[in-house]
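Presented below is the structure to which this report refers.
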Amino acid sequence: QVRLVESGGGLVQPGGSLRLSCAASGSSSRFHVMGWYRQAPGKQRELVATIVSGGSTNYADSVKGRFTISRDNVKNSVYLQMNNLNPEDTAVYYCKAQYTDLNYWGKGTPVTVSS
């Protein structure tokens with residue numbers, strides 16, 4: 001069974017940084033697309049960033065220039081470096097992986113930005 005496990009969330013002050021990690025297990029094949037989504041309290045889940053197997057990236061306008069997504073194709077892992085965090089970034093962050101027509105989701109890691 002494919003499982004995605006996120007880690008690295010926590011409480012951080014505005015302007016601080018966090019690095020999220022997502023480790024995939026149970027698959028010997030590289031995922032075509034991996035990404036990060038987030039869901040703030042009372043809001044819909046939204047795209048944060050994606051990265052394809054070749055390395056091309058895409059970011060939501062709200063995080064562009066502050067967040068950086070990367071992946072390790074050997075380890076089937078994806079990372080999200082978050083810099084200059086603000087309270088609007090507070091949300092549960094979810095890892096997503098796509099292979100052919102199948103989507104896999106992690107259980108999420110909470111990020112709280114507050115002074």
Side-chain angles (χ1 to χ4, degrees):
Q1 291 290 325
V2 174
R3 289 183 175 85
L4 305 179
V5 180
E6 305 98 331
S7 62
L11 175 65
V12 65
Q13 292 184 331
S17 298
L18 285 174
R19 181 175 172 85
L20 305 183
S21 299
C22 174
S25 63
S27 177
S28 61
S29 300
R30 295 176 180 178
F31 295 104
H32 300 307
V33 182
M34 302 187 77
W36 290 94
Y37 294 71
R38 68 186 182 186
Q39 187 168 15
K43 297 183 179 180
Q44 298 277 74
R45 187 174 299 185
E46 64 179 0
L47 170 73
V48 177
T50 60
I51 183 168
V52 301
S53 60
S56 297
T57 59
N58 185 46
Y59 297 91
D61 289 341
S62 60
V63 307
K64 192 173 298 183
R66 300 188 297 119
F67 292 8
T68 302
I69 188 171
S70 61
R71 65 185 289 170
D72 186 330
N73 290 331
V74 175
K75 297 180 179 180
N76 256 350
S77 299
V78 63
Y79 311 92
L80 185 68
Q81 179 66 46
M82 306 185 295
N83 298 326
N84 194 24
L85 288 161
N86 59 63
E88 288 69 39
D89 296 316
T90 296
V92 177
Y93 285 71
Y94 297 89
C95 177
K96 180 185 177 181
Q98 177 258 318
Y99 183 77
T100 60
D101 61 340
L102 300 176
N103 293 321
Y104 303 93
W105 292 89
K107 293 184 177 180
T109 184
V111 172
T112 302
V113 185
S114 177
S115 60

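What you are looking at is a predicted structure, and each value in this text was computed from that prediction instead of being measured.
- With a 4.5 Å cut-off on side-chain heavy atoms, F31 and Y104 count as touching.
- In terms of heavy atoms, T90 sits closest to A40 at O-CB, 3.5 Å.
- Legend: salt bridge (Lys or Arg N to Asp or Glu O under 4.0 Å) pairs involving residues 75-97, not counting sequence neighbours, sorted by first then second residue: R38-D89, R66-D89.
- Within the 4.5 Å cutoff, side-chain heavy atoms of T68 are placed close to those of Y59.
- Between V74 and R30 the shortest heavy-atom distance is CG2-NH2, 4.2 Å.
- Contact of the T100 side chain with the H32 side chain is registered, since non-hydrogen atoms from C-beta on lie closer than 4.5 Å.
- Within a 6.0 Å radius of CZ in R19, other residues, nucleotides and ligands contribute more than 12 heavy atoms.
- The shortest distance between side-chain heavy atoms of L20 and M82 falls below 4.5 Å.
- With hydrogens and angles disregarded, a donor-acceptor distance shorter than 3.5 Å links the side chain of E6 to the backbone of G108.
- Side-chain atoms of Y94 and Q39, non-hydrogen and from C-beta on, do get closer than 4.5 Å to each other.
- The CZ atom of R71 sits 12.0 Å away from atom OG1 of T57, with the distance rounded to the nearest 0.5 Å.
- Looking only at side-chain heavy atoms (C-beta outward), N58 and L47 come within less than 4.5 Å of each other.
- With C22 as the fixed residue, the side-chain contact (heavy atoms from CB on, under 4.5 Å) test singles out one of N76, L80, V78: V78.
- A continuous path of Ile, Leu, Val, Met, Phe, Trp and Tyr side chains, each step under 4.5 Å between heavy atoms, connects Y93 with L18, placing both in one hydrophobic cluster.
- Residues W105 and V92 share a hydrophobic cluster, clusters being chains of Ile/Leu/Val/Met/Phe/Trp/Tyr side chains in contact below 4.5 Å.
- In summary, of the residues considered (V113, L85, N84, N86), a side-chain contact (heavy atoms from CB on, under 4.5 Å) with P14 occurs for V113 alone.
- Tracing side-chain contacts under 4.5 Å through hydrophobic residues (I, L, V, M, F, W, Y), one reaches L102 starting from L4; they form part of the same cluster.
- Crowding of Y99 atom OH: a count of heavy atoms from other residues, nucleotides or ligands under 6.0 Å not exceeding 12.
- At a threshold of 4.5 Å between non-hydrogen side-chain atoms, the residues S77 and M34 do not count as touching.
- Y37 and I51 fall into different hydrophobic clusters, defined by Ile, Leu, Val, Met, Phe, Trp and Tyr side-chain heavy atoms under 4.5 Å apart, directly or through other members.
- Closest non-hydrogen pair, Q81 versus S17, comes out as NE2-CB, 4.0 Å.
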